[in-house]
Amino acid sequence: MGFGTVSRGGSSRWPDQRLCTVEMGPPCHTSCLSRRKSSSSPKIKVDLDSSTGIAVMKFQSPPVNSLSLDFLTEFCISLEKLEMDRSCRGVVVTSALPKIFSAGLDIMEMYGKSPERCGEFWKAVQEMWLKLYGSNMVTIAAINGSSPAGGCLMALTCDYRIMAENPRYGIGLNETQLGIVAPFWFKDTMVNTVGHRTTELALELGLLYSAPDALRLAWWTSWCRRTRC
Ligand SMILES: CC/C=C\C/C=C\CCC/C=C/CC(=O)SCCNC(=O)CCNC(=O)[C@H](O)C(C)(C)COP(=O)(O)OP(=O)(O)OC[C@H]1O[C@@H](n2cnc3c(N)ncnc32)[C@H](O)[C@@H]1OP(=O)(O)O
């Protein structure tokens, strides 16, 4: 798989060449197996191949990988652990569930909760964004399912995106369709990737894009024809 260039950098873990290639080759032989480190929390599984320096973080929170306080906390802890592991240079975030990357913020976290709990939840959402955006590692979203609202934010926050081509999968900041306003920093993250004009239209109409449409609008430089990638 090949990925395009981005304007972010400044980390020793970034490759010298700005075009970065990640090989997800055949299964390893025995000597390679010892270089694999796995860890699992209830909602997130992480596999790090120290020989390549690439970790795969899989979301495993059925039914839709919604971003609950527990999910976000586990996400930040997993990312921090990889950040501290000098053998890890890049992380691929993806879903272990069929058809869904992430449904975005857990709606149940925003309904009937105490102000304290709401504050804690919102802080965790911001923490996820700050940690992912500010990561020293190369971050890649392998979007193998629908990715509305907060799920889209997470993908946009990564350095690179690849999306499985399937007409049923949509990605976008569709908050307007839900009767809520996307926070300004959600909007800014989208502007940084696709520019002002596309963002303005997408947010006003609450659009969800298919992989080929998103590719045309420069959301990414690659998409994957398999339904699972
Ligand atoms: C504390 C707050 C402080 C400040 C607030 C400030 C600003 C407000 C926040 C603004 C930002 C918002 C960003 C967001 O991310 S809001 C969440 C937006 N996401 C959605 O609306 C997703 C809606 N879901 C879907 O479109 C579909 O479910 C999906 C395409 C993901 C999957 O479709 P599918 O047909 O496969 O499954 P469903 O049958 O629809 O769903 C299965 C079960 O999952 C539950 N579900 C779905 N989405 C969510 C979610 N986001 N949170 C929690 N639960 C979710 C759904 O209800 C089904 O449950 P059951 O009925 O089976 O129990």
Side-chain angles (χ1 to χ4, degrees), residues 1 3 6 8 11 13-15 20-25 27-28 32-33 35-106 124-164 169 171 189 220 222 224 226 228-229:
M1 283 182 278
F3 303 97
V6 290
R8 197 132 38 105
S11 159
R13 282 193 262 190
W14 275 73
C20 159
T21 301
V22 175
E23 298 290 343
M24 292 194 189
C28 295
C32 195
L33 282 178
R35 301 216 183 156
R36 287 185 181 272
K37 299 178 200 168
S38 290
S39 66
S40 196
S41 54
K43 297 179 188 301
I44 293 176
K45 182 174 187 302
V46 181
D47 286 304
L48 168 61
D49 182 341
S50 301
S51 63
T52 60
I54 296 163
V56 178
M57 197 188 276
K58 279 193 177 169
F59 306 152
Q60 49 181 21
S61 183
V64 290
N65 289 330
S66 62
L67 307 179
S68 61
L69 179 57
D70 286 348
F71 183 103
L72 292 164
T73 306
E74 285 181 28
F75 179 83
C76 287
I77 292 172
S78 300
L79 200 65
E80 262 171 26
K81 280 188 187 159
L82 291 174
E83 209 75 66
M84 285 186 296
D85 189 327
R86 294 305 299 173
S87 70
C88 185
R89 297 159 56 233
V91 58
V92 179
V93 295
T94 191
S95 171
L97 308 183
K99 301 187 295 181
I100 309 286
F101 177 74
S102 168
L105 304 193
D106 193 314
V125 177
Q126 294 179 326
E127 197 79 1
M128 174 276 289
W129 178 76
L130 286 169
K131 282 203 163 30
L132 195 54
Y133 219 13
S135 175
N136 281 335
M137 299 179 288
V138 180
T139 54
I140 299 153
I143 308 154
N144 51 350
S146 295
S147 192
C152 171
L153 174 76
M154 198 176 237
L156 285 173
T157 305
C158 290
D159 298 314
Y160 303 96
R161 283 149 292 284
I162 303 168
M163 186 168 175
Y169 300 168
I171 185 166
T189 309
W220 41 66
S222 173
C224 173
R226 284 177 297 155
R228 305 291 298 276
C229 61

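All figures in this text were calculated on a predicted structure; none of them were measured in a lab.
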Shortest non-hydrogen contact from [X] toward [Y]:
X	Y	value
Ile100	Ser95	O-OG, 2.6 Å
Ser78	Ile44	OG-CG2, 4.0 Å
Pro148	Ser102	CD-O, 3.2 Å
Arg161	Cys158	NH1-O, 2.8 Å
Leu67	Gly151	CD1-N, 4.5 Å
Ala96	Gln60	CB-CB, 4.1 Å

With side chains defined as the heavy atoms from C-beta onward, is the minimum distance between [X] and [Y] less than 4.5 Å?
X	Y	result
Val125	Leu72	yes
Lys43	Ser68	yes
Lys37	Ser87	yes
Ser38	Asp47	yes
Tyr160	Thr139	no
Ser147	Met163	no
Tyr169	Ile143	no

Ring center gap for Phe71 and Phe59 short of 6.0 angstrom: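 Ring-ring flag for Phe71/Phe59: true, centres closer than 6.0 Å.
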Pairs satisfying salt bridge (charged side-chain N to carboxylate O under 4.0 Å, His left out), at least one member in residues 56-82, at least two apart: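 Passing the test, one end in residues 56-82: Glu80-Lys131.
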For the [atom1] atom of [X] and the [atom2] atom of [Y], what is their distance to the nearest 0.5 Å?
X	Y	atom1	atom2	answer
Leu132	Met137	CG	CE	8.5 Å
Leu48	Arg89	CG	CZ	11.5 Å
Met128	Thr157	CE	OG1	6.0 Å
Cys88	Leu79	SG	CG	8.5 Å

Donor on one side chain, acceptor on other, Asp106 and Ser66, under 3.5 Å: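 Yes - a donor-acceptor pair under 3.5 Å links their side chains.
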Side-chain donor/acceptor of Thr94 to backbone N/O of Ala142, under 3.5 Å: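 Such a contact is found between Thr94 side chain and Ala142 backbone.
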Sidechain-backbone polar pair: Glu83 side chain, Asn136 backbone, donor-acceptor under 3.5 Å: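 Flag set: sc Glu83 to bb Asn136 pair under 3.5 Å.
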All side chain to side chain contact (heavy atoms under 4.5 Å, CB included) counterparts of Thr73, not counting sequence neighbours: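 So Thr73 forms a side chain to side chain contact (heavy atoms under 4.5 Å, CB included) with Leu69, Ile77.
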Listed partners of Phe75 passing ring pair (Phe, Tyr, Trp, His ring centres under 6.0 Å), at least two apart: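 Ring pair (Phe, Tyr, Trp, His ring centres under 6.0 Å) check on Phe75 returns nothing, list empty.
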